[in-house]
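Okay, so here's the structure we're looking at.
Values below: all heavy atoms of this structure, side chains included; hydrogens, waters and symmetry mates excluded. No experiment lies behind these values; they were computed from the predicted model shown. Below, read A as the first sequence line, B as the second, and so on, with proteins coming before strands; counting in each chain starts at 1.
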Amino acid sequence: MNEFAAKVLEGDPRSIAKLITQAENTSPLAASQMKKIHPYTGKAYVIGITGVMGSGKSTLIYEMTKEYRRQGLKVGIIAIDPTSPFSGGALLGDRIRMTELATDNGVFIRSMGTRGMLGGLASAVYDVVEILDASGKDIILVETVGVGQAEVDIIKIADTTLVVLIPGLGDSIQTIKAGIMEIADIYIVNKADRSGVEQAVAELESLIDITCIDKDRKTPVLTTIAKQKKGIIELVKEIENHKNYLKKTKMFELKRRKRYEAELVEIIRKRLMNFIFDESTFKGKVESLIDKISKKEVDPYSAAEEILGKILK
Amino acid sequence: MDQKIRVLVAKPGLDGHDRGAKIVARALRDAGMEVVYTGLHQTAEMIVETAIQEDVNVIGLSLLSGAHMTLFIDVTKLLKEKGLDDVLVIGGGIIPEEDVSKLKKAGVSGVFGPGTHCDDIVEFIRKNVKK
Amino acid sequence: MFDKNKMINIKKKKDEWSKECYLKHIKNHPERKKKFNNLSSIDIKSVYDPDDISHLDFYDHIGFPGDYPFLRGIHPTMYRGRLWTMRQFSGFGSAEETNKRYKYLLKHGETGLSVAFDYPTLYGYDTDHTLSRGEFGKCGVAISSLNDMEILFNGIPIDEVTTSMTINGPAAIVWAFYIANAENRGISIKRIGGTIQNDILKEYIAQKSFIFPPEPSMRLIVDTFEYGYKEVPRWNTISISGYHIREAGSTAIQELAFTLGDGVEYVKWAIKRGLKIDDFAPRLSFFFNAHNDFFEEIAKYRAARRIWAQEMKKLGAKKDRSLYMRFHTQTAGCSLTAQQPEINIARVTMQALSAVLGGTQSLHTNSMDEALALPSAKAARIALRTQQIIAEESGVTNTVDPLGGSYYIEWLTDKMVEETYKYFDKVEKLGGVIPAIEKGFFQREIAESAYRYQKEIDSKDRIMVGVNKYQMDEPIEIPILKMDEKGEERQINRLKKLRKNRNNSKFERNLSNLRSAAKGDKNLMPIILECVHSYATLGETCDVLREVFGEYKEPAIY
């Protein structure tokens with residue numbers, strides 16, 4: 001048992017991978033090992049990357065990773081794709097753009113399905129960040145796909161959150177207006193060789209002017225052409241700037257606190273849900289309550305209170 | 001515990017025919033598995049490293065160029081070298097009968113040719129996956 | 001198309017028939033299925049009548065063969081004048097073995113050659129490159145240099161027989177091998193004829209044997225267009241291919257729409273370069289698949305001719321030859337079964353017949369054993385004989401477009417035209433063909449269709465004889481082609497010798513000329529020819545271009 005955690009701390013890829021699997025499966029073994037590695041975490045810098053499908057996030061991550069590797073840093077990549085709510089399966093294809101990184105022993109890539117997590121992030125993502133952190137990765141890149149809750153939740157783990165857009169997609173700006181405006185620490189307009197870049201940048205900047213009016217840091221907008229490796233060094237620098245800003249303003253500690261809070265909530269939520277829905281004693285009760293709700297013999301609120309009452313007793 | 005079968009669908013070598021690989025990937029997803037797809041042009045090293053990091057239970061190799069005797073066996077050899085004895089390896093493609101038995105001996109446990117029902121692959125994995 | 005008053009009567013009669021005859025009949029004798037649809041999931045009615053095609057104009061939409069819109073055929077006499085070219089795609093192992101196979105096929109009445117290359121060649125790697133591991137001669141012949149090309153065509157009259165070469169990423173270089181070989185044999189390159197596939201767009205979309213990114217790839221292609229009409233006027237400098245799109249799992253409509261869309265894209269790039277459409281367009285050719293749904297396939301070829309003529313006119317073509325949609329057909333490899341392989345002969349016959357009724361200019365018929373391995377000589381001969389039976393026994397060549405005027409065929413042809421234009425609009429909205437590729441539009445469309453087709457087979461909604469119905473459990477008795485095990489070693493030795501014996505200073509000068517030319521915008525064909533003449537290998541030449549152009553990485557579509 002002890003060895004498992006120890007090997008993760010040594011950076012052994014198989015042990016890292018196996019512990020991640022245990023964490024994803026919420027096994028008791030995972031819990032015991034996670035306890036052991038926690039003291040060794042906190043060193044890695046976590047970068048969240050989100051944006052619409054087809055915005056070139058994977059290529060961007062690939063190029064950023066190569067830049068970090070050039071600087072001698074070790075990189076962990078977590079690529080999250082949605083789990084099908086119907087089958088429970090998932091197609092995880094973000095590695096396609098990063099295949100050359102597979103054989104670099106300073107890089108560890110893990111693809112994850114969201115596995116029915118309510119928020120859109122994979123529920124085990126906090127564990128995976130901790131594991132990669134403990135294993136000695138200096139930078140952890142977390143990629144989420146799609147528009148919606150996952151994008152908002154990414155700020156719970158990321159120290160710096162990048163929102164990636166592409167020119168010419170009118171609705172991508174709309175998406176921002178619709179709710180994720182606040183989450184970006186840096187905006188990236190990728191595929192900047194396409195027409196409409198200036199317009200996209202201008203639109204973003206005017207939005208930023210409104211939202212950052214009473215803030216001391218204005219969210220920067222960068223343009224990149226990841227496919228041609230353009231703008232990558234500048235991006236990495238801008239992330240460093242943001243990191244320095246966080247440290248200077250003590251927001252770094254606050255962010256980390258928020259992450260631990262989210263993690264704690266997630267562990268409790270998972271355990272509680274397992275307790276209610278998976279334990280043999282309660283599961284029957286829950287099923288019969290759902291039957292009763294369907295037949296209008298009881299309402300969902302009273303049913304919930306009944307279950308919670310039993311737990312709190 | 002929420003245990004899922006994780007599968008790596010990989011295309012070794014230069015062959016670009018990915019129709020079969022993509023169909024199988026989708027079919028396995030629809031059967032509730034987590035499928036990591038590598039894309040084209042993988043070397044044995046890439047496939048094995050990916051299998052390690054992704055901690056997959058199964059590797060599915062797809063190749064239609066006829067180079068399976070070299071490229072599939074490169075993968076199983078490297079798996080053995082790295083001590084990954086808990087990974088089930090299956091393969092698909094245009095594979096003559098006489099090669100099938102040789103491949104099985106080399107560690108490719110299941111070989112699926114044209115006309116295979118997707119459910120047969122799903123069932124084979126469920127039955128043979130090493131947990 | 002029909003007299004209005006007569007149509008009113010026909011419609012009335014049809015309603016009566018439907019009520020009194022059809023509906024009554026199916027009440028007691030229901031049809032076998034609730035719905036009948038073809039491979040593109042188009043619903044097919046129980047019967048077609050004049051009403052289904054009355055919206056068409058005979059002259060604008062159907063017409064006569066050899067006349068605009070060429071829907072019924074590009075020549076007025078079609079097979080009454082000249083039969084299609086019987087061109088069997090073939091290549092395996094070393095140049096020596098394939099050369100032997102070509103001579104065998106020509107002896108048995110084949111009228112054109114078609115070269116299949118192995119994967120290293122398709123990707124522009126020499127046989128001794130590390131990435132070539134295990135692939136030598138596996139799904140085609142390995143050609144790494146002019147030397148190999150000389151051996152491949154040794155003793156074959158390349159001034160008489162035409163040669164088609166399935167090569168895309170490195171097409172310009174492999175074509176240069178062929179041209180250089182002709183020059184060395186003292187044959188005027190004005191006289192040699194054939195085709196290079198040279199269709200990179202469908203590689204990005206479906207076949208995935210790409211090397212360079214789109215821009216430089218398109219530039220190389222336009223270079224070959226220009227060089228071709230000026231210097232090698234009997235050569236088809238492109239074969240815009242739907243075949244591989246279909247093999248990757250598309251429907252017939254997607255094959256049609258994506259292929260013609262690619263065609264239009266090439267023309268636009270060439271015009272942008274300043275080429276005159278009537279100079280290069282007559283040398284554009286096409287390549288389609290012949291799949292299982294007999295009438296759908298015939299409708300597809302007919303629709304393709306009409307759309308192409310219309311589109312080329314819009315792009316400013318004046319010459320009739322520029323409007324011709326000339327095409328090669330190959331029967332569908334993906335329709336063949338490994339189970340009961342002999343029955344593939346029947347499938348291939350039907351598919352080949354659809355290509356002929358659709359007016360193909362040349363045809364490859366698949367061998368029955370192709371779902372198992374490379375074709376044996378006997379299987380390849382039977383495939384060729386299948387074409388000869390259609391050509392010389394069946395009588396279908398006696399008249400042009402014998403199905404023209406069939407209500408069903410004309411309706412279906414027009415339907416496919418309509419659906420194609422819908423796809424054109426979609427692609428336009430995505431910003432054109434290349435942006436749509438980069439967004440994975442085609443790839444996703446094809447993957448969806450392929451998965452649906454597989455699910456239909458799995459659920460037996462679609463029958464594949466021998467696979468999900470009428471299965472048999474018996475050992476497969478098909479002789480499998482054995483390749484010369486010494487071939488690879490021999491070729492690697494040949495390469496070593498070539499690199500040692502060539503004039504290396506001349507070779508290096510030529511490659512460095514190519515490097516600087518690639519950075520500019522001059523036509524690269526002449527300098528590639530010089531490189532090839534100085535025995536630069538395929539890999540060496542491609543490496544220079546890789547260095548300048550970079551390599552293409554595909555978007556993640558799954």
Please round to the nearest 0.5 Å and tell me the distance separating atom [atom1] of [X] and atom [atom2] of [Y].
X      : Y       : atom1 : atom2 : answer
L91(A) : L28(B)  : CG    : CG    : 9.0 Å
Q42(B) : T99(A)  : CD    : OG1   : 5.0 Å
E49(B) : L101(A) : CD    : CG    : 12.0 Å
E34(B) : S87(A)  : CD    : OG    : 10.0 Å

Checking heavy atoms, do the side chain of [X], its backbone, both or neither come under 4.5 Å from chain A?
X      : answer
L84(B) : both
N57(B) : neither
M33(B) : backbone

More than 12 heavy atoms of other residues, nucleotides or ligands under 6.0 Å from [atom1] of [X]: is that the case?
X       : atom1 : value
K66(A)  : NZ    : yes
K77(B)  : NZ    : no
F124(B) : CZ    : yes

- Message: Would Y37(B) and I96(A) count as a side chain to side chain contact (heavy atoms under 4.5 Å, CB included) here? Give the steps.
- Response: CA-CA 7 Å; Y37(B) 179 53; I96(A) 297 178; 3.5 Å; yes
- Query: Just one of D86(B), D55(B), D85(B) clears the salt bridge (charged side-chain N to carboxylate O under 4.0 Å, His left out) bar with R14(A), so which one?
  - Reply: D86(B)
- Message: With a 4.0 Å cut-off on N to O distance, would you call R95(A) and E54(B) a salt bridge?
- Response: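 Judged by the 4.0 Å cut-off on N to carboxylate O distance, R95(A) and E54(B) do form a salt bridge.
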- Query: Is it true that D81(A) and R29(B) have a side-chain N and a carboxylate O under 4.0 angstrom from each other?
  - Reply: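 The answer is no: the pair does not qualify as a salt bridge.
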- Query: Looking only at heavy atoms, which of residues 130-141 of chain A get nearer than 4.5 Å to chain B?
  - Reply: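 Counting heavy atoms that sit under 4.5 Å from chain B, no residue of residues 130-141 of chain A is involved.
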- One option among V48(B), V7(B), I52(B) has the most heavy-atom pairs under 4.5 Å with chain A, and it is I52(B)
- Side-chain (K4(B)) to main-chain (G113(A)) donor-acceptor, under 3.5 angstrom: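 No.
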- Ignoring hydrogens and geometry, is there a side-chain-to-backbone donor-acceptor pair from Q53(B) to I109(A) under 3.5 Å?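 Here the side-chain-to-backbone pair exists.
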- Listed by residue number, which members of residues 91-107 of chain B have a heavy atom under 4.5 Å from any heavy atom of chain A? none
- Counting heavy-atom pairs under 4.5 angstrom with chain B, the leader among R97(A), K18(A), M98(A) is K18(A)
- For residues E24(A) and R6(B), determine if any side-chain heavy atom of one lies less than 4.5 Å from a side-chain heavy atom of the other. yes
- Partner of S111(A) by side chain to side chain contact (heavy atoms under 4.5 Å, CB included), out of V36(B), V35(B), T50(B), V56(B): V36(B)
